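Below you'll find the structure, written out as structure tokens, and then a few comments.
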Amino acid sequence: MEKNSKIYVAGHRGLVGSAILRKLKESGYENIIVMTHKELDLTNQEQTKNFFEREKPEYVFLAAAKVGGINANNIFPADFALVNLKIQNNVIEQSYKNKVKKLLFLGSSCIYPKMSPQPIKEEYLLTGKLEKTNEAYAIAKISGLKMCQFFNKQYNTNYISVMPTNLYGPNDNFDLDTSHVLPALIRKFHEAKLKNEDFVQIWGTGKPKREFLHVDDLADACVYLMNNYDGDETVNIGTGKDLTIAELSNIIKDIVGYQGKIKFDTSKPDGTPRKLLDVSRLNSLGWKYKTDLKDGIKLTYDWYKENQN
Ligand code: GFB
């Protein structure tokens, strides 16, 4: 990308899109297009077609998606499948029809089989059954990365796909019903501290392991790969380190300064027991993460306290 290349960030208000937008601006890119959901509904084929014909972006970061934690995925599978398929199909088709030079598609680590050998290599895709709680989102994201590969093959496009691990950071969703675990625990411990509650309820057994990458590191990786990677193979993006939900809870409890107890609500699902990504392809491409988990959680908690209302 040149500094004056026309770059479209789809989903610029979300956790990932807002981080990519910040990173692009910090890096001196000055010709960036963004559209709010009200200005452009990417699930609408006609609106998406008109936008691409009018704006003709050269580079597209496809970070717009319907996302959520284990509970939201479990309760609304039709929405997660339909909305994400519509967005992806519209943006990828119109990128092709309007000669976009390069598109970066964002997937997720949940695309891999539930019982993959760990750490998970990109080639383990479709080698086993998916985790039930997020099967809809996983199938949508697998379809998106495959769609990029099919367009590359048939039309010689340059659409790359990245598969991030669990992400966290500023502009995350802190709603306790639909969010991911890390922001949910920041809010739960913060509110329990303010209300002087005896305990905080954690979902599941606390035994599953998760890997967490700060979203600013993800954004840095996406801009780096847009500029340095033209391969057809997906690229995992993560830290290569994971911890149990119970360990994460204790780290957040300490950072928030909550003194009460932790209880586990085993009526809630654990989901995938582990999904640690193998990041050797990413590292061999010249990129490594920078933000240590504890530092990242402290930064995110500070952001939450300043922006929670
Ligand atoms: O982050 P999370 O919702 O999604 O849950 P996944 C991770 C683990 O944290 C699960 C536990 O074992 C949860 O039971 N957990 C404990 C909690 N307390 C809480 C809580 O208060 N809230 C939440 N949300 N979890 C998602 C997929 O799976 O990973 C998405 O559903 C996406 O599609 C995302 O792929 C990256 O990591 O299990």
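Counting starts at 1 for both ligands and their atoms, in listed order. As the structure is a computational prediction, the values presented were derived from the model and not from experiment. Computed from heavy atoms alone, side chains included, the values below leave out hydrogens, waters and symmetry copies.
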Only heavy atoms of G69, strictly under 4.0 Å: list the atoms of ligand 1 that pass.
3 (O), 31 (O)

the protein heavy atom lying closest to atom 38 (O) of ligand 1 turns out to be R210 NH2, 2.9 Å

Would you say N73 has any N or O atom under 3.5 Å from an N or O of ligand 1, going by distance alone?
yes

Any idea which protein heavy atom is nearest atom 35 (O) of ligand 1, and the distance to it?
S108 OG, 2.8 Å

Verify the neighbour count for atom NZ of K6: are there more than 12 heavy atoms of other residues, nucleotides or ligands below 6.0 Å?
yes

Among all the protein's non-hydrogen atoms, which is closest to atom 27 (C) of ligand 1, and how far away is it?
N134 ND2, 3.4 Å

Distance from atom 3 (O) of ligand 1 to nearest protein heavy atom, with residue and atom:
I70 N, 2.8 Å

Any heavy atom of Q201 closer to ligand 1 than 4.0 angstrom?
no

If a pair satisfies salt bridge (charged side-chain N to carboxylate O under 4.0 Å, His left out) and one of its residues is in residues 78-93, list it, with sequence neighbours excluded.
E93-K97

Would you say F61 and C222 make side-chain contact, with heavy atoms under 4.5 Å?
yes

For residues 199-222, which residue pairs pass the salt bridge (charged side-chain N to carboxylate O under 4.0 Å, His left out) check, not counting sequence neighbours?
R22-D216, K23-D220, K209-D242, D220-K290

Of all the non-hydrogen atoms in the protein, which one sits nearest to atom 14 (O) of ligand 1, and at what distance?
P269 O, 2.8 Å

For atom NZ of K99, is the number of surrounding heavy atoms from other residues, nucleotides or ligands below 6.0 Å larger than 12?
no

When clusters are formed by joining ILVMFWY residues with side-chain heavy atoms under 4.5 Å apart, either directly or through shared neighbours, do F80 and V83 land in the same one?
no

Side-chain H-bond candidate by donor/acceptor type, E247 with T244, under 3.5 Å
yes

May I ask you to identify the nearest protein heavy atom to atom 34 (C) of ligand 1, giving residue, atom name and distance to one decimal place in Å?
H180 NE2, 3.3 Å

Distance filter under 4.0 Å to C110 heavy atoms, resulting ligand 1 atoms:
33 (O), 35 (O)

If we only consider heavy atoms of I202, is any one of them less than 4.0 Å away from an atom in ligand 1?
yes

Quiz item: cation-pi between K153 and Y155, 6.0 Å / 45°
no

Which protein heavy atom lies closest to atom 8 (C) of ligand 1, and at what distance to 0.1 Å?
I245 CD1, 3.7 Å

Could you check which of F212, Y168, W203, F80 puts a non-hydrogen atom nearest to atom 19 (C) of ligand 1?
W203

Compute whether any side-chain donor of one residue and acceptor of the other, for H190 and Y301, lie under 3.5 angstrom apart.
yes

Test of ring centre spacing under 6.0 Å for Y124 and Y112:
no

May I ask you to check whether D232 and N152 show a side-chain donor-acceptor distance below 3.5 Å?
yes

Which ligand 1 atoms does A184 reach within 4.0 Å, using its non-hydrogen atoms?
20 (C), 21 (O), 22 (N)

Give the single entry among V181, V67, L248, N173 that approaches atom 25 (N) of ligand 1 most closely by any heavy atom.
V181

Would I186 and L15 show up in the same hydrophobic cluster when neighbours are defined by side-chain heavy atoms closer than 4.5 Å?
no

I need the nearest protein heavy-atom contact for atom 21 (O) of ligand 1: residue, atom name and distance, please.
K188 NZ, 2.8 Å

Could you tell me if the side chain of M163 sits less than 4.5 Å from the side chain of S161, heavy atoms only?
yes

Any non-hydrogen atom of D270 lying under 4.0 Å from ligand 1?
yes

Say whether T272 and ligand 1 are in contact under the criterion: heavy-atom distance to a ligand atom below 4.0 Å.
no

Going by the closest heavy atom to atom 24 (N) of ligand 1, which one wins out of S179, G68, A72?
S179

Could you establish whether K275 and ligand 1 come within less than 4.0 Å of each other, counting only heavy atoms on the residue side?
yes

Has ligand 1 got any nitrogen or oxygen that is less than 3.5 angstrom from a nitrogen or oxygen of Y137?
no

